[in-house]
Amino acid sequence: QVHLVESGGGLVETGGSLRLSCTSSGHTFSWYAMAWFRQAPGKEREFLSATLWNSRSTFGTSTTNGRFAISRDNAKNTVYLQMSSLKPEDSAIYYCAGASVPGMATAAATYNYWGQGTQVTVSS
């Protein structure tokens, strides 16, 4: 059974930094892509960043470009999200997702495996 486990969330002050980690296990296939999404209360799940496992291409958004950076350690089956210059509006549950088959890397529907989420709270 495939598992994605996030860690690294917590409470941080405005302007601070956090690094989220997501480790996958229980699979024999290679990922097509892994990504980070977030969801704040009362809002839809929002795409943040993705990395294609074979090409190493990365995708971001205008919201996160320059503040958030995705990276990964293939040997550890781990993907990271380094977040800096955090703002209160970045407070949300952050989810890691993995796609085992090709699709649009920025679309939640592409991802067939999800972690349980980790809470990030940015205090003002």
Side-chain angles (χ1 to χ4, degrees):
Q1 188 173 3
V2 179
H3 292 282
L4 299 177
V5 180
E6 301 103 332
S7 61
L11 175 65
V12 64
E13 294 182 347
T14 296
S17 300
L18 281 175
R19 189 177 80 156
L20 306 182
S21 301
C22 172
T23 299
S24 66
S25 62
H27 58 96
T28 56
F29 57 82
S30 294
W31 295 111
Y32 164 71
M34 294 194 76
W36 288 96
F37 291 77
R38 69 185 180 190
Q39 188 166 19
K43 295 188 176 181
E44 294 185 354
R45 190 164 296 191
E46 177 188 12
F47 168 79
L48 297 175
S49 192
T51 178
L52 300 187
W53 217 249
N54 287 336
S55 71
R56 290 189 171 266
S57 297
T58 61
F59 303 85
T61 71
S62 58
T63 300
T64 59
N65 282 346
R67 296 194 302 125
F68 293 6
I70 193 169
S71 62
R72 88 271 190 111
D73 184 332
N74 287 19
K76 296 181 179 180
N77 281 326
T78 299
V79 62
Y80 304 97
L81 186 69
Q82 179 68 49
M83 305 186 294
S84 59
S85 301
L86 285 164
K87 308 172 184 179
E89 52 264 44
D90 292 318
S91 297
I93 298 176
Y94 284 67
Y95 296 93
C96 171
S100 59
V101 295
M104 185 180 296
T106 59
T110 294
Y111 297 89
N112 48 345
Y113 297 97
W114 291 81
Q116 80 289 350
T118 185
Q119 177 71 49
V120 171
T121 303
V122 184
S123 63
S124 57

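Bear in mind the structure is a predicted one, so any value in this text is a computation, not a measurement.
Across every non-hydrogen atom of C96 and E6, the tightest pair is N-OE2, 2.8 Å. In terms of heavy atoms, W53 sits closest to T78 at CH2-O, 4.4 Å. Across all their heavy atoms, Y113 and S100 have their closest contact at CE1-OG, 4.0 Å. The two residues V101 and T110 have their closest heavy-atom pair at O-CG2, 4.3 Å. Shortest non-hydrogen contact noted between L4 and G98 is CD1-N, 3.6 Å. Taking every heavy atom of both residues into account, T14 and S124 meet most closely at OG1-CA, 3.5 Å.
Side-chain N or O atoms of E13 include none that pairs as donor or acceptor with a backbone N or O of S123 at under 3.5 Å. With hydrogens and angles ignored, the 3.5 Å screen pairs no side-chain donor or acceptor of S85 with any backbone N or O of G15.
Here the OG atom belonging to S84 is positioned 13.5 Å from the CZ atom belonging to R19, to the nearest 0.5 angstrom. Within the model, atoms CD1 of I93 and CZ of R45 stand 8.5 Å from one another, a figure rounded to the nearest 0.5 Å. To the nearest 0.5 Å, the span separating CD on Q82 from CD1 on I70 amounts to 12.0 Å. Rounded to the nearest 0.5 angstrom, Q1 CD and H27 NE2 are separated by 12.5 Å. Atom OG of S24 is separated from atom CZ of F29 by 8.0 Å, given to the nearest 0.5 angstrom. To the nearest 0.5 Å, the span separating CG on L81 from OG1 on T118 amounts to 11.0 Å.
Under the side chain to side chain contact (heavy atoms under 4.5 Å, CB included) rule, L20 has a single partner from F68, Y80, W36, which is W36. Screening E46, Q116, Q39, R38 against Y95 for a side chain to side chain contact (heavy atoms under 4.5 Å, CB included) leaves a single residue, Q39.
For S91, there are no side chain to side chain donor-acceptor pair (under 3.5 Å) partners, not counting sequence neighbours. Residues satisfying the salt bridge (Lys or Arg N to Asp or Glu O under 4.0 Å) criterion with R67, sequence neighbours excluded, are D90.
Within the cation-pi definition used here (under 6.0 Å to the ring centroid, within 45° of the axis), R72 does not qualify as a partner of W31.
Between W114 and Y111, the two ring planes are perpendicular [angle over 60°; tilted spans 30° to 60°].
Under the 4.5 Å side-chain heavy-atom criterion for grouping Ile, Leu, Val, Met, Phe, Trp and Tyr, L11 is not connected to L86 through any hydrophobic cluster. Residues L48 and V79 share a hydrophobic cluster, clusters being chains of Ile/Leu/Val/Met/Phe/Trp/Tyr side chains in contact below 4.5 Å.
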Could you check N74 against R56 for side-chain contact (heavy atoms from CB on, under 4.5 Å), going step by step and ending with a plain yes or no? CA-CA 11 Å; N74 287 19; R56 290 189 171 266; 3.7 Å; yes

